[in-house]
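Structure, as structure tokens:
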Protein chains: 2
Amino acid sequence: MARLPEYLRALHNLAETGHETVSSEGLANAAGVNSAKLRKDLSQLGSYGTRGVGYDVGLLIDQIEYVLGLTQRRAVALVGVGNLGHALAGYDGFASRGFRIAALFDADQERVGEEINGLVVQHIDDLPRVAAEEAIAIGVIATPATAAQRVADQLVAVGVTSILNFAPCVLSVPEGVDVRKVDLAIELQILSFHEHRKASLTALPAAGGSALTALPGGLAVTESQEAIGT
Amino acid sequence: MARLPEYLRALHNLAETGHETVSSEGLANAAGVNSAKLRKDLSQLGSYGTRGVGYDVGLLIDQIEYVLGLTQRRAVALVGVGNLGHALAGYDGFASRGFRIAALFDADQERVGEEINGLVVQHIDDLPRVAAEEAIAIGVIATPATAAQRVADQLVAVGVTSILNFAPCVLSVPEGVDVRKVDLAIELQILSFHEHRKASLTALPAAGGSALTALPGGLAVTESQEAIGT
DNA sequence: CGCGATTTGTGCACGTCTTCACAAGCGCCT
DNA sequence: AGGCGCTTGTGAAGACGTGCACAAATCGCG
Ligand SMILES: NC(=O)c1ccc[n+]([C@@H]2O[C@H](COP(=O)([O-])OP(=O)(O)OC[C@H]3O[C@@H](n4cnc5c(N)ncnc54)[C@H](O)[C@@H]3O)[C@@H](O)[C@H]2O)c1
Ligand SMILES: NC(=O)c1ccc[n+]([C@@H]2O[C@H](COP(=O)([O-])OP(=O)(O)OC[C@H]3O[C@@H](n4cnc5c(N)ncnc54)[C@H](O)[C@@H]3O)[C@@H](O)[C@H]2O)c1
């Protein structure tokens, strides 16, 4: 389930604030989901909640981390140390959530050799050598879209089976390789769509004349986080 | 539909490479989705495809941009010009996809006054004044999680009804305000989960002994981009 | 002018996800 | 020891998204 990481984050928050147990309702609130949904998710893990009490925070963290495969700290390779790549390389949120940035790569000789956060940027052609030394589990692509497919192929060639892609393009990969995409412009466009829909609802549909008068109503968007009570 | 932006990007690619029309199958390939799904999505727009020919690329772009509300170039306010905020402020992908970064804010006096990409960082307390001058449609939060809720409240107070949140926390906003969240660690954890699942399937379930021997099988994840043929 | 190739639009069935509602279980207090 | 309140786990119903398969429509060509 894609919600488990969210639960995990909420649980860590609770653990830090001293809670030993948490009810499904409390955790659901902290994670921003329905409590029934949360219970069903947790029951899928074969989880051990105690009726009348709730869930043991520490135990649940262990459970979820095990299922997510976070018991081993996976090595991440970041390719493309540009604008975005720099920010990612300097981000400590990866290390604190079960990952280790193992190597940085770029194709630009200007950047190779640069040190960021204790790691030296290496040339992308060295990827096979580095991959032989470290078991790279996940590749992150932060190159321009034009280079993304090539980089993906290179990552797959050295045995990487999970890729996080920030470039705005579709990647072709062999079966068995997982790709997740993050595209900020798409997120903004979805928000823009909602803005437009909201505006169309308040202002009466008096505007007409164009061939494009169909109101954008009744279109659903996979919810990211709907409005929740104040 | 959350897939419309993806179609739009693929259409722009096609337009640049000289295509005037495109079949549902062609566009579906470019966007990485099923062709039937794409046709159903497009029919929801009241779209005008021509049977036997396909869709007019230019017309379809106009259609989708209208529905997404991209006909007006929306103003975006970015709050938190740190590690990540810098990368976002310097990103040209927003401008080219229908948005305009209208203002940068930070709470750190050290950063206020700094110029990034032609924009001067302003203090977050100036938000009300700036919002009065420009109609800010979307707020982007790139502050630490501890400050995110406060910033969200400030954005809502000046009339922002759409927020893109990069901080790893759940935001409480009044009804009518849309929040979308981007959490990179969650993306990595989902990939890690798949890695773990793949490993559990190849290696026979011979490992046992711990109380946590339940194999993480049968759990579904909302697909981001599944493996597609080479 | 007619026919075939091609492609859209959609009815239908299926599987998945979501939510409600409630019985079963647990602990605490008397 | 017993009852009471609270919480989990889950059955069932409904909503929703997905994909197949095919009829209807359009174009090009003979
Ligand atoms: N900057 C942002 O905030 C932002 C936001 C959303 C998406 N993106 C996307 O992320 C990607 C990177 O953005 P950016 O702003 O960092 O761009 P950038 O141009 O600053 O950085 C790209 C880096 O990739 C390197 N590179 C190019 N080809 C390579 C190859 N074949 N192998 C290895 N490295 C290679 C370049 O040398 C450069 O250092 C782009 O696809 C962009 O659309 C960026
Ligand atoms: N850097 C990354 O690659 C990355 C990746 C994923 C998520 N994030 C998240 O994005 C957020 C920002 O990350 P970062 O690395 O840029 O952190 P950062 O510490 O470099 O930057 C945070 C900025 O926010 C400013 N700020 C703090 N409180 C503020 C307030 N009340 N109002 C306005 N500005 C305020 C700070 O002055 C600072 O400049 C964090 O929540 C982080 O978890 C970052």
Side-chain angles (χ1 to χ4, degrees), chain A residues 1-4 6-7 10-11 14 19-57 59-60 63-64 67 190 193 214 217-229, chain B residues 1-7 10-11 14 19-60 63-64 67 190 193 214 217-229:
Chain A
M1 304 276 182
R3 287 182 294 268
L4 290 181
E6 192 70 40
Y7 301 158
L11 284 166
L14 289 169
H19 297 71
E20 303 234 326
T21 65
V22 64
S23 71
S24 64
E25 188 109 1
L27 182 54
N29 262 24
V33 300
N34 185 297
S35 70
K37 199 191 306 192
L38 182 135
R39 284 202 298 277
K40 194 147 281 190
D41 288 346
L42 260 45
S43 74
Q44 291 273 326
L45 304 185
S47 156
Y48 299 89
T50 319
R51 300 176 184 218
V53 178
Y55 298 89
D56 181 292
V57 173
L59 182 63
L60 201 49
Q63 285 254 348
I64 294 181
V67 174
I190 293 174
F193 165 70
L219 287 181
V221 173
T222 58
E223 67 191 56
S224 165
Q225 181 193 324
E226 276 302 306
I228 54 183
Chain B
M1 303 278 181
R3 287 182 294 268
L4 289 181
E6 192 70 42
Y7 301 160
L11 284 166
L14 289 168
H19 297 71
E20 302 234 327
T21 64
V22 64
S23 70
S24 64
E25 187 109 1
L27 182 55
N29 262 25
V33 301
N34 184 296
S35 70
K37 200 192 306 191
L38 181 136
R39 283 201 299 277
K40 195 152 283 186
D41 288 347
L42 261 45
S43 74
Q44 291 273 325
L45 304 185
S47 155
Y48 299 91
T50 320
R51 301 179 182 216
V53 178
Y55 298 90
D56 182 292
V57 172
L59 181 62
L60 201 48
Q63 282 255 350
I64 294 181
V67 174
I190 292 174
F193 165 70
L219 287 181
V221 173
T222 59
E223 67 190 56
S224 166
Q225 180 194 325
E226 275 303 306
I228 54 184

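Labels below follow one simple rule: chain letters A, B, ... track the order of the sequence lines, proteins then strands, and each chain is numbered from 1. Here the structure is a predicted model, which is why all the values come from computation and not from measurement.
B:E20 is linked by a side-chain contact (heavy atoms from CB on, under 4.5 Å) to nothing, counting only residues two or more places apart in sequence or in another chain. Listed by chain and residue number, A:R3, A:D41 satisfy the side chain to side chain donor-acceptor pair (under 3.5 Å) test with A:Y7 (two or more places apart in sequence, or in another chain). Under the rule for a side-chain contact (heavy atoms from CB on, under 4.5 Å), the partners of B:A30 that lie at least two apart in sequence or sit in another chain are B:A10. Residues satisfying the side chain to side chain donor-acceptor pair (under 3.5 Å) test with B:R39, not counting sequence neighbours, are B:S24.
The distance from the CG atom of A:L59 to the OG1 atom of A:T50 is 9.0 Å, given to the nearest 0.5 Å. Put simply, CG on B:L4 and CD1 on B:I64 are 5.5 Å apart, with the number rounded to the nearest 0.5 Å. Note that CG of B:L11 and CG of B:L60 are 5.0 Å apart. Values are rounded to the nearest 0.5 Å.
When the side-chain nitrogen and oxygen atoms of A:N34 are compared with OP1 and OP2 of C:dC20, one or more of them lie within a distance under 4.0 Å.
C:dA13 atom P lies 21 Å from atom NZ of B:K37, rounded to whole Å. Look at CG on A:L42: it is 10 Å from C1' on D:dT8, rounded to the nearest Å. At whole-Å resolution of the value, CD in A:Q63 and C1' in D:dT8 are 15 Å apart. At whole-Å resolution of the value, CD in B:Q44 and P in D:dT18 are 12 Å apart. Atom-to-atom, CG of A:D41 to P of D:dT10 comes out at 13 Å; the value is rounded to the nearest Å. If you take CZ of B:R3 and P of D:dG19, they are 9 Å apart, rounded to a whole angstrom.
Formation of a donor-acceptor pair under 3.5 Å by the A:S23 side chain with backbone atoms of A:G26 is found in this model.
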Distances under 3.5 Å only, N/O to N/O: pair up the protein atoms with those of nucleotides 5-8 of chain C.
| from | atom 1 | to | atom 2 | distance (Å) |
| --- | --- | --- | --- | --- |
| C:dT7 | O4' | B:G52 | N | 3.1 |
| C:dT8 | OP1 | B:S24 | N | 2.6 |
| C:dT8 | OP2 | B:S24 | N | 3.4 |
| C:dT8 | OP2 | B:S24 | OG | 2.6 |
| C:dT8 | O2 | B:R51 | NH1 | 3.3 |

Using a cutoff of under 3.5 Å, can you pull out all pairs of nitrogen or oxygen atoms linking the protein to nucleotides 11-13 of chain D, with atom names and distances?
| from | atom 1 | to | atom 2 | distance (Å) |
| --- | --- | --- | --- | --- |
| D:dG11 | O6 | A:K40 | NZ | 3.1 |
| D:dA12 | N6 | A:K40 | NZ | 3.2 |

